[in-house]
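First the structure, in the form of structure tokens, and then the observations on it.
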Amino acid sequence: MQRTHDCGSLRPEHAGQTVSLAGWVNSYRDHGGVIFIDLRDRKGVTQIVFHPQQAEAHSLAQTLRHEDVIWVKGTCLRREAGMENPRLPTGGIEVRTAELKLLNKSQTPPFTPDEAGKVNEERRLEYRYIDLRRPRMQEILSVRHRAAKVIRDYFDEQGFLEIETPFLCRSTPEGARDFLVPSRVIPGSFYALPQSPQLYKQVLMASGCEKYVQLVRCFRDEDPRADRVAEFTQLDLEMSFVEQEEVMAVAEGMARRVWKDVLGVDVPAIPRMSYKDAMERYGSDKPDLRFGMEFVDVSDLAGQTDFKVFRGALDAKGTVRAIRVPGGGKLTRKQTDELSEWIKQFGVGGLPMVKIEGGKLATGVAKFLESIKDALIQRLGAAEGDLIVFGVGSPAMTVFKALGALRLRLAQELDLIPAGLWKWLWVVDFPAMEWNPDEKRWDSLHHPFTAPLDEDLSKLEADTGAVRSKAYDLVLNGSEVGGGSIRIHSPEVQKRVFALLGIDEQAAVAKFGFLLDALKFGAPPHGGLAFGFDRLIMHIVGTTNIRDVIAFPKTATGADLMTAAPSPVEEAQLKELSLRVALPQKPVKAAPPA
RNA sequence: GAGGGCGUAGCUCAAUUGGUUAGAGCACUGGACUGUCGAUCCAGAGGUUGCGGGUUCGAGCCCCGUCGCCCUCGCCA
């Protein structure tokens with residue numbers, strides 16, 4: 001089938017040429033005599049005109065409806081003055097048809113690509129092939145492709161090898177819940193789909209590959225968020241004979257290259273912030289630096305008041321932190337009550353607050369703060385019309401996290417986040433381990449193979465919580481787009497870390513003996529990083545919904561609404577796998593009283 | 001596992017305090033129309049109000065359960 005052009009390329013300079021196009025009927029306007037069709041393909045929309053003189057084509061054109069697939073041949077004509085459509089790149093021309101072929105009649109579609117932007121996501125996912133016909137979705141797919149290409153070119157130039165790692169892996173109990181795949185050949189045994197190629201890429205370093213990279217699908221059977229799904233794509237990399245700075249430099253170079261080549265935006269040198277600073281100043285290990293609203297420690301001032309809420313938190317070795325909310329004074333009582341209720345889910349008791357009105361503290365807990373009023377206003381730099389909110393409680397980390405969530409919510413609702421900014425940040429010096437009060441043991445913050453900082457090695461056992469690691473996260477506009485670490489390559493240090501994590505030697509050998517073996521036989525020092533590829537694309541195309549950047553995404557329950565996966569399987573399939581399904585019995589509910 | 005929101009025609013939505021035959025726009029069908037580009041005009045068809053139960057003289061609306069989708073907490077080394 002001959003196509004001389006696509007639907008986005010004809011311009012007045014093509015006038016007079018015989019052209020042929022193919023695509024979908026985006027809309028039709030039948031005037032009884034002349035008929036107009038807006039023909040759409042991946043590249044754009046072109047107006048096709050049918051005149052009654054071409055009787056055969058014209059009568060067929062009368063039957064055309066939304067999403068019919070057609071081929072046309074005709075003459076490209078410059079539109080007469082006043083009849084151009086400035087909203088179409090091809091609006092200066094139209095194609096007067098001599099010949100029309102109906103390639104495939106469409107049933108009436110549940111919605112048209114034009115409408116898809118307004119249709120429920122559920123419906124869009126069910127008819128994804130119609131949704132994806134939208135120019136916007138085509139653009140996203142195209143950007144995703146280009147970003148992947150740029151990334152591969154970049155790493156190729158840097159001497160990396162793209163090496164595939166297995167999808168059918170050994171299950172490890174650490175980390176996220178695994179998706180399991182039963183083995184037919186070994187009944188009762190299971191593979192796990194990879195949460196990331198972490199262990200394999202370390203083994204690749206022991207294998208002498210030196211520089212590994214992979215765009216790879218990862219699977220985590222955990223509940224989703226707006227920017228998180230069970231099945232996602234990582235840009236995974238690992239390097240031998242490197243320290244933290246070299247890995248960060250390579251990753252930063254990639255970000256710079258992608259932003260430059262795809263968006264035409266320069267990424268400046270990316271600043272650093274310690275985990276401790278990030279938590280204490282922004283209540284997040286991925287602070288959004290596009291706006292201020294930093295936390296201010298006002299524990300000392302709070303201690304001078306008689307306010308029981310403040311005193312109680314301080315007596316419990318907690319903290320009192322304040323945020324100045326610019327223009328927050330306009331929030332109504334109803335709105336502030338709602339915030340106060342909402343913040344309780346983060347483990348603090350409520351949200352004391354005051355407004356600045358007429359140079360004075362007003363409403364809320366103002367009466368308790370009279371004695372510290374001037375110091376408070378001065379320290380926060382508060383101005384007329386501002387709101388000051390207090391994070392109060394213990395431990396301090398709980399307060400930080402609650403205020404961190406509040407800071408984001410208020411900034412969004414009060415429209416304090418400037419558009420068009422790219423605020424990159426490296427968060428470094430993460431704690432190596434975190435005390436898990438429920439299990440009464442230390443947990444890795446990153447993973448058990450993360451190397452502690454050399455200067456903290458000596459206090460590994462004595463002051464475990466204070467040990468920092470060679471881990472680094474790359475944050476963009478408050479979202480974690482990448483993270484990695486230098487790995488432990490010394491069996492000695494690895495043994496000490498496992499001991500602290502409560503993983504005895506036997507368990508360690510059982511879980512990842514192959515990696516420990518690999519480290520024993522001459523593994524080079526190595527480290528790496530993984531980018532959330534979907535999230536990078538989200539930032540580039542400007543969406544907050546990760547499903548927008550995935551061609552065939554799954555829903556919150558892991559369902560594919562188009563294919564209706566997951567689904568029950570034939571009894572014979574289960575039998576072959578030596579599996580039996582044991583659904584939980586539904587509890588019998590007592591009949592309601594009459 | 002928990003909380004919140006949503007579910008009415010193919011699509012997007014409306015429906016007064018629980019009250020007549022559940023409406024509108026778009027799409028669809030038929031007709032008119034030779035320059036539109038959200039074409040216009042006339043006419044028509046289209047409903048298990050997600051599903052199941054209950055309360056009531058009467059339920060789209062109230063109650064219980066259930067299914068699906070979205071957001072959040074937990075979870076995500």
Side-chain angles (χ1 to χ4, degrees), chain A residues 26-38 45-53 58 65-67 79-80 82-88 90-91 94 96 107-112 114-127 130 172-178 195-196 198-199 218-230 232 338 341-347 401-402 405 408-409 432-434 436 438 442-450 469 471 480 483 485 497 501 503 511-512 532 544-545 547 554-557 559 561 564 586 589-594:
Chain A
N26 199 60
S27 66
Y28 58 93
R29 296 175 292 281
D30 184 345
H31 286 250
V34 67
I35 297 172
F36 300 98
I37 298 287
D38 285 347
V45 171
T46 297
Q47 174 163 287
I48 313 296
V49 197
F50 297 87
H51 284 274
Q53 289 75 4
H58 184 264
R65 293 296 180 269
H66 291 286
E67 299 310 301
R79 293 206 203 175
E80 286 175 36
M83 289 182 195
E84 302 95 344
N85 184 347
R87 285 183 300 169
L88 279 183
T90 59
E94 62 192 4
R96 179 168 177 152
Q107 281 187 25
T108 301
F111 56 87
T112 63
D114 273 354
E115 300 169 314
K118 288 179 260 172
V119 170
N120 278 342
E121 191 178 15
E122 204 174 337
R123 208 85 311 120
R124 289 171 47 204
L125 293 177
E126 184 180 351
Y127 300 97
I130 296 174
T172 56
E174 273 71 30
R177 195 178 296 117
D178 282 327
Q195 298 177 19
S196 81
Q198 181 62 37
L199 301 179
C218 301
F219 307 87
R220 295 180 188 172
D221 190 5
E222 299 291 350
D223 291 332
R225 291 290 182 274
D227 64 348
R228 205 175 79 191
V229 275
F232 62 100
E338 213 279 302
E341 198 52 41
W342 172 81
I343 202 168
K344 288 178 183 170
Q345 67 180 307
F346 299 99
K401 289 178 180 171
L408 290 178
R409 179 173 166 172
M433 285 172 258
E434 203 174 35
N436 180 334
D438 295 334
W442 293 99
D443 283 342
S444 298
L445 203 74
H446 193 54
H447 60 58
F449 315 107
T450 304
S469 61
E480 183 197 326
S485 64
V497 169
L501 295 172
I503 303 175
K511 286 170 188 165
F512 11 75
T544 54
N545 179 352
R547 291 176 300 277
K554 296 192 168 51
T555 68
T557 52
L561 297 179
K586 298 234 164 125
K589 291 255 163 52

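All chains are named by letter (A, B, ...) in the order of the sequence lines, taking the proteins before the strands, and each is independently numbered beginning at 1. Everything numeric in this text was worked out from a predicted model, so none of it was measured.
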>> Walk me through whether A:L561 and A:E122 qualify under side-chain contact (heavy atoms from CB on, under 4.5 Å).
In response: CA-CA 7 Å; A:L561 297 179; A:E122 204 174 337; 3.7 Å; yes
> Do A:K401 and A:F346 touch side chain to side chain, with heavy atoms closer than 4.5 Å?
Replying inline: no
>> For the C1' atoms, the ones on B:U8 and on B:G68, what distance do you get once it is rounded to whole angstrom?
In response: 16 Å
>> Whether A:E126 and A:R123 form a salt bridge (side-chain N of Lys/Arg under 4.0 Å from carboxylate O of Asp/Glu) is what I want to check.
In response: yes
>> Work out how far the P atom of B:A9 is from that of B:G50, and round it to whole angstrom.
In response: 8 Å
>> I'd like to know if the side chain of A:R65 reaches the main chain of A:Y28, judged simply by a donor and an acceptor atom lying under 3.5 Å from each other, with no hydrogens or angles considered.
In response: no
>> Can you tell me which residue among A:L501, A:D443, A:L445, A:T450 is in a side-chain contact (heavy atoms from CB on, under 4.5 Å) with A:M433?
In response: A:L501
> Expressed in whole Å, how much space separates the P atoms belonging to B:C62 and B:U17?
Replying inline: 12 Å
>> What's the gap between B:C28 and B:G3 when it is taken at their P atoms, as a whole Å value?
In response: 44 Å
> With a non-hydrogen cut-off below 4.0 angstrom, is A:Q107 in contact with a base, only sugar-phosphate, or nothing?
Replying inline: nothing
> Closest nucleotide of RNA chain B for A:K118 versus for A:A176: which of these residues is on the 5' side?
Replying inline: A:K118
> With a non-hydrogen cut-off below 4.0 angstrom, is A:H66 in contact with a base, only sugar-phosphate, or nothing?
Replying inline: sugar-phosphate
> Paired with B:G52: which nucleotide, if any, by Watson-Crick or G-U wobble criteria at under 3.5 Å for both distances?
Replying inline: B:C64
Polar atom pairs (N or O), protein with nucleotides 69-73 of chain B, under 3.5 Å:
unit_1	atom_1	unit_2	atom_2	d
B:C69	OP1	A:T555	OG1	2.9
B:C69	OP1	A:T557	OG1	3.1
B:C69	OP2	A:T557	OG1	3.0
B:C69	O4'	A:E122	OE1	3.1
B:C70	OP1	A:A556	N	3.3
B:C70	OP2	A:A556	N	3.0
B:C70	O3'	A:R547	NH2	3.2
B:C71	OP1	A:R547	NH2	3.1
B:U72	OP2	A:A226	N	3.1
B:U72	O2'	A:Q345	OE1	3.2
B:C73	OP2	A:R225	NE	2.7
B:C73	O4'	A:Q345	OE1	3.2

>> Looking at A:R228, I'd like to know whether one of its side-chain N or O atoms comes within less than 4.0 Å of OP1 or OP2 on B:C76.
In response: no
>> Taking A:K511's backbone N and O only, do any of them form a donor-acceptor pair with A:T172's side chain (distance below 3.5 Å, no angle check)?
In response: no
>> My understanding is that a pair needs two contacts under 3.5 Å, Watson-Crick or G-U wobble. By that rule, which nucleotide pairs with B:C26?
In response: B:G10
>> By the 4.0 Å heavy-atom rule, please label A:Q53 as base, sugar-phosphate, or nothing.
In response: base
> When you compare B:C11 with B:G46, how far apart are their C1' atoms, in angstrom units rounded to a whole number?
Replying inline: 13 Å
>> Suppose we define a pair by two distances each less than 3.5 Å, Watson-Crick or G-U wobble; what does B:C76 pair with here?
In response: none
> If the C1' atom of B:G31 is compared with that of B:G47, how far apart are they to the nearest Å?
Replying inline: 26 Å
> Mind checking the P distance from B:U49 to B:U20? Whole angstroms is fine.
Replying inline: 16 Å
> Do A:H66 side-chain atoms and A:N26 backbone N/O form a donor-acceptor pair below 3.5 Å?
Replying inline: yes
> Considering Watson-Crick and G-U wobble pairs with both distances under 3.5 Å, what does B:G47 pair with?
Replying inline: none
>> Let's test this: given Watson-Crick or G-U wobble pairing with both distances under 3.5 Å, identify the partner of B:A32.
In response: B:U40
> When you check the phosphate oxygens OP1 and OP2 of B:U29, does a side-chain N or O of A:R65 lie under 4.0 Å from one of them?
Replying inline: yes
> Should A:R29 be listed as having a side-chain N or O under 4.0 Å from OP1 or OP2 of B:A39?
Replying inline: yes
>> Side-chain N or O of A:N120 versus OP1/OP2 of B:U12: is the shortest distance under 4.0 Å?
In response: yes
>> Are B:U36 and A:F36 stacked, with the base six-membered ring and the side-chain ring centres under 5.5 Å apart and planes under 30°?
In response: yes
> Is A:Y28 near enough to B:A27 that one of its side-chain N or O atoms lies under 4.0 angstrom from OP1 or OP2?
Replying inline: no
>> What's the gap between B:A22 and B:C61 when it is taken at their P atoms, as a whole Å value?
In response: 15 Å
> Counting distance only, does the side-chain N/O of A:H51 pair as donor-acceptor with the main-chain N or O of A:Q53 below 3.5 Å?
Replying inline: no
